[in-house]
There are 2 protein chains.
Amino acid sequence: MSTQGTHDRLVEATRELLWERGYVGTSPKAIQERAGAGQGSMYHHFKGKPDLALTAIARTAEELRGAAERALCGAGSAYERIEAYLTRERDVLRGCPVGRLTMDPDVVANDRLRAPVDETLHWLRDRLAKIVQEGLDQGEFAPGLDPDETAALLVATVQGGYVLARSSGSPAAFDMAVRGALALLHRRADRG
Amino acid sequence: MSTQGTHDRLVEATRELLWERGYVGTSPKAIQERAGAGQGSMYHHFKGKPDLALTAIARTAEELRGAAERALCGAGSAYERIEAYLTRERDVLRGCPVGRLTMDPDVVANDRLRAPVDETLHWLRDRLAKIVQEGLDQGEFAPGLDPDETAALLVATVQGGYVLARSSGSPAAFDMAVRGALALLHRRADRG
DNA sequence: GTCTATATCAGGATAGAC
DNA sequence: GTCTATCCTGATATAGAC
């Protein structure tokens, strides 16, 4: 049983708060309270809010890639793996812990904070594009489908699905958008 | 020439700041500075930050519906009107002034602030669903396409496209996602 | 490593003069 | 209607004791 030290508790508290309230909405005081750590403790372990946030964002990005990869690396056709990714269990109303940071002006304005966000979304698009290409190679999708465009569409569907869900206070709209994407993709598969 | 009064300048300043920095990132002081108005002036015209934000959000929502309607009500096939909407001129890196509010915890937590956001996105989905239905009625799209799911997908594509663009600091990813959506939709049109 | 004390500025608003 | 004064709390740290 690895007891969680103060350092890790600060990072976990920051990860939660960044997800819930974003960077501008997260104060050092709130972090300290959630982590059960004092002022001095936080400033001993981290240089300040940006430093702590960077550590938290990097950790969250890593976890997201892991979760996505688990859905994408399974057996099955390209369509099935894409479906597995799109319909994987999510806490839809919480939104994407990485994507939401793009709406944070202080994150976008800071290259060091934006980098892990950008890298994660690019990794995801590349990963999906490769799967689309596999589907193309297997004759699963009709030729002419652009892997990069399709991958961007799929990631955008998920990110935008969160927006629809949060605006209505219900996950239903997220699911509709995903079904809309899968339906268009699936019909194409029928032709192959 | 209608001279803009203090009331309107406060609303305009708030609209800009909400777009740039969101609700939690926008302070009364910043609003006053941008509007060139004093403390007392602001609290004379509005009860406080939520009141002013509500007025600003309602105004922004109205403008967005107008801009969307202008793209959607044109002549042309259903596909062409959808294409006109997706590719209409946008300041992509600024994101959606309505959709971005869904990432704001204080907006989502306040039913009065969330309502205009939800209504706008629902209006847009309904509007697009009707156009998809028209395309279906004209035999433009293959039967079996679900208008509501497709509409949700299209709105999600735009909202998610902003996320991709802002994370990379370039509008390119937005355009890719849109082309991905149009390509899938277009191939379907070929079958009709 | 953690604590408490202290500092400065901003957030969000009210009171009352003009 | 607009201004200035004032209020209290929170944001974001630094200093130095323990």
Side-chain angles (χ1 to χ4, degrees), chain A residues 2-57 100-101 103-114, chain B residues 2-57 100-101 103-114:
Chain A
S2 71
T3 300
Q4 210 179 21
T6 300
H7 177 103
D8 288 350
R9 288 208 320 282
L10 283 164
V11 174
E12 288 309 303
T14 305
R15 298 214 301 137
E16 290 172 18
L17 283 164
L18 285 180
W19 196 353
E20 290 168 24
R21 305 198 40 86
Y23 184 85
V24 296
T26 295
S27 71
K29 170 178 257 199
I31 293 169
Q32 291 150 208
E33 280 167 0
R34 188 168 299 206
Q39 284 270 83
S41 194
M42 173 182 145
Y43 284 98
H44 169 74
H45 289 284
F46 298 94
K47 284 197 285 291
K49 177 175 164 177
D51 181 34
L52 180 42
L54 180 55
T55 304
I57 291 171
R100 74 106 57 232
L101 296 170
M103 293 304 140
D104 231 301
D106 291 3
V107 170
V108 170
N110 182 330
D111 283 345
R112 293 176 64 83
L113 293 180
R114 188 172 52 80
Chain B
S2 71
T3 302
Q4 208 180 20
T6 301
H7 176 103
D8 288 350
R9 287 208 320 282
L10 283 164
V11 173
E12 288 310 302
T14 304
R15 298 215 299 138
E16 290 172 18
L17 284 164
L18 285 180
W19 196 352
E20 291 167 23
R21 305 197 42 85
Y23 184 85
V24 297
T26 296
S27 70
K29 170 180 257 200
I31 292 169
Q32 290 150 207
E33 280 168 0
R34 189 169 298 207
Q39 284 270 81
S41 194
M42 173 183 145
Y43 284 99
H44 169 75
H45 289 285
F46 298 95
K47 284 195 285 290
K49 177 174 164 177
D51 182 34
L52 181 43
L54 181 55
T55 303
I57 292 171
R100 73 108 55 233
L101 296 170
M103 292 304 140
D104 231 302
D106 291 4
V107 170
V108 170
N110 182 330
D111 283 345
R112 294 174 65 82
L113 292 180
R114 189 172 52 81

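These numbers come from a predicted model, not from an experiment. Quick note on labels: first sequence line is chain A, next is B, and so on, each numbered from 1.
The CG-P distance, from A:Leu10 to C:dG1, rounds to 13 Å in whole Å. At whole-Å resolution of the value, CZ in B:Arg21 and P in C:dA10 are 13 Å apart. One can place CZ of B:Phe46 at 13 Å from P of D:dG1, the figure rounded to the nearest angstrom. One interatomic measurement links the two molecules: CG of B:Leu17 to P of C:dG12, which rounds to 12 Å at whole-angstrom precision. The distance from atom NZ of A:Lys29 to atom C1' of D:dC8 is 12 Å, rounded to the nearest whole Å. For B:His44 and C:dA17, the NE2 to C1' distance is 16 Å, given to the nearest whole Å. Taking atom CG of B:Asp51 as the reference point, atom C1' of C:dG12 lies 14 Å away to the nearest angstrom. The separation between B:His7 atom NE2 and D:dT2 atom C1' is 16 Å, rounded to whole Å.
Checked by atom type and distance alone, the side chain of A:Thr26 pairs as donor or acceptor with a backbone atom of A:Leu17 at under 3.5 Å. Side-chain atoms of B:Arg34 do not come within 3.5 Å of backbone N or O of B:Ala13 as any donor-acceptor pair.
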For nucleotides 13-15 of chain C, print each protein N/O atom paired with a nucleotide N/O atom at under 3.5 Å, atom names and distance only.
residue: C:dA13; atom: OP2; partner: B:Tyr43; partner atom: OH; Å: 3.4
residue: C:dA13; atom: OP2; partner: B:Lys49; partner atom: N; Å: 3.3
residue: C:dA13; atom: N7; partner: B:Gln39; partner atom: NE2; Å: 3.2
residue: C:dA13; atom: N6; partner: B:Gln39; partner atom: NE2; Å: 2.3

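Partners of A:His45 by ring-ring contact (aromatic ring centres under 6.0 Å, His included), not counting sequence neighbours, listed by chain and number: A:His7.
Here the side chains of A:Met42 and A:Pro28 are in contact, with some heavy-atom distance below 4.5 Å. Under the 4.5 Å side-chain criterion, counting only non-hydrogen atoms from C-beta, A:Asp106 is not in contact with A:Leu113. Taking 4.5 Å as the limit, some side-chain heavy atom of A:Asp111 sits within range of a side-chain heavy atom of A:Arg114.
In this model, the phosphate group of D:dG1 is not approached by any side-chain N or O of B:Thr6 to a distance below 4.0 Å at OP1 or OP2. Dashed line: the shortest gap from a side-chain N or O of B:His45 to OP1 or OP2 of D:dT2 is under 4.0 Å.
The shortest non-hydrogen separation linking A:Leu10 to A:Ser41 is CD1-O, 4.4 Å.
For the helix from C:dG1-D:dC18 to C:dC18-D:dG1, the end axes, each set by the C1' atoms of five terminal pairs, are bent relative to each other by 0° (nearest 10°).
A salt bridge is absent between A:Arg9 and A:Glu12; no separation between the charged side-chain nitrogens and carboxylate oxygens falls under 4.0 Å.
Remark: B:Met103 CE to A:Arg21 CZ distance equals 14.5 Å, nearest 0.5 Å.
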